[in-house]
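Order of the sequence lines sets the chain letters (A, B, ...), proteins ahead of strands, with each chain counted from 1.
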Amino acid sequence: MKVKIFTVLWCTSCLIMRPRYEKIIKNNSLKFEEYDFDEDSEIFKEHNIGKILPVFVLYKDNQEILRIVGEKSKKELKKLLGGILNV
Amino acid sequence: MLYLDYSATTPVDKKVLDYYKKISLEYIGNPNSLHKLGKKANAFIEKCSKGILELLNVDDMEVIYTSCASESNNLVIKGVANKFKNKGKHIITTSFEHPSITAALGYLQKQGFVIDIVKSDKNGLVDLKDLTRLITNETILVSIGSVNSEIGILQPLDKIKETIKKHPNCLFHSDMTQSIGKVDLDLKGIDFISFSGHKFYGPKGIGVLLKRKDIRIDPLIHGGKSTTSYRSGTPALPLIGAIYMALKLALKDKEEKYLHVKNINEYICKKLKNDKNIKINSNKYCIPHILNLSILSKKGIETVKALEKEEIYISNHTACSSEEDESMGIYSLTKSHELARSSVRISLSYLTSYKDADKLVEALRKLGV
């Protein structure tokens, strides 16, 4: 499985979520790519990323299987990802 | 034309501009030059720095001139991080900071620093218990702005200072860009303060970082000792003179100016309080210079554009961030995407008249229908 994370440097929600996602990525030995709103606007468009950040997109066999938008508590993350990943 | 975007920037005071011109012609030497003209320029800068410290009533700090408050914020955050990373890599901030704070912290987070966001109460004030809980021996810096630029929340700095001072290894920075020259605050006991001149009728292009004299940080710009080793480059003497003059003028009759702005703010709020489509987001803990509200049927940017057609100029949020997304500050305060998307910031000045307030109210009511 692979993860793409869409963030921007000046976003507080991204500051909060980045370490939570990094932990999940590490615990599950996932491949990941991170894109920045200010630098990768084309990639944001290609992936239909809206105005609320960060966005966490999970892929299996190159198919998107889950998208998490915005700030989520650890409990919410467990609920969203619990059945798929080790959270 | 009705300008109500004074928190984004203020028009330069003519007296400041005249002074800028005068000293540009009078002090031609490079303050770093060792000859008479250089020494004269250097002495002038020292006089300005001493004057700024006196005006702000701080005697244990030094003045570092930068190009803007964003540079001051970057200098202190990255400067402390680099200097003290062997002591700890933990920094605390709030969810109401300017993007120049959060972006610098985002940058450091990617370098391995741990960034925590302290909780706020329902009014947006820092939760002191949570701050106490978060500070550890690894915490090297707490950065909390005195006044949030979108909503105007004035943080309880004295209580925050007390909490932080229990931890001698932890330094305290406050971005005071929205409060210097407007609000009376006790600056003693704060280790770093940043602000810029154009927020109080000075010219654009000059910022300040006040740093406690006995603390050393790493510079952002290396290049040898100028008037300070913390910011190399030829000092912008005319801008330095101008920011000093602007501060002096801003602090003149400050109580009367504050009261006028407070009265205008209350006048607008009273007129709008029965409009169901308008929700005031600023609360009683906010400075009167900033009035954040939402016209529920419209996106913030739509309100800004509609008022622009009437030649009324306001912001949908901090001018330095993207124009289309929602306000992160309002979302943090209200947890409502609707309010965050529709919020606008009206910023007032002692120059704003009751006639201006009436014109604004009329235009907002028209939009809210």
Is the [atom1] atom of [X] crowded by more than 12 outside heavy atoms at less than 6.0 Å?
{"X": "B/N123", "atom1": "CG", "answer": "yes"}
{"X": "B/K110", "atom1": "NZ", "answer": "yes"}
{"X": "B/Y107", "atom1": "OH", "answer": "no"}
{"X": "B/K335", "atom1": "NZ", "answer": "yes"}

Next item on the list: Measure the shortest side-chain to side-chain distance between B/R341 and A/K51 over non-hydrogen atoms and say whether it is less than 4.5 angstrom.
Entry: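 Counting from C-beta outward, B/R341 and A/K51 never come under 4.5 Å.
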Checklist line | Side chain proximity check, B/Q109 to A/L9, heavy atoms < 4.5 angstrom | finding: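 A side-chain contact under 4.5 Å is absent here.
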Next item on the list: Tell me the residues of residues 74-97 of chain B whose non-hydrogen atoms fall below 4.5 Å from those of chain A, in number order.
Entry: B/T94, B/S95
Checklist line | salt bridge (Lys or Arg N to Asp or Glu O under 4.0 Å) partners of B/E138, counting only residues at least two apart | finding: none
Item checked: Residue part contacting chain A, namely of B/I117, when any heavy atom lies under 4.5 Å -> side chain
Next item on the list: Please look at A/E22 and chain B and tell me whether the side chain, the backbone, both or neither of the residue comes under 4.5 angstrom of a heavy atom of that chain.
Entry: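 Looking at A/E22, nothing touches chain B.
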Notebook entry, point to check: If you count heavy-atom pairs under 4.5 Å with chain B, which of A/T12, A/L15, A/L53 comes out on top?
Noted result: A/L15
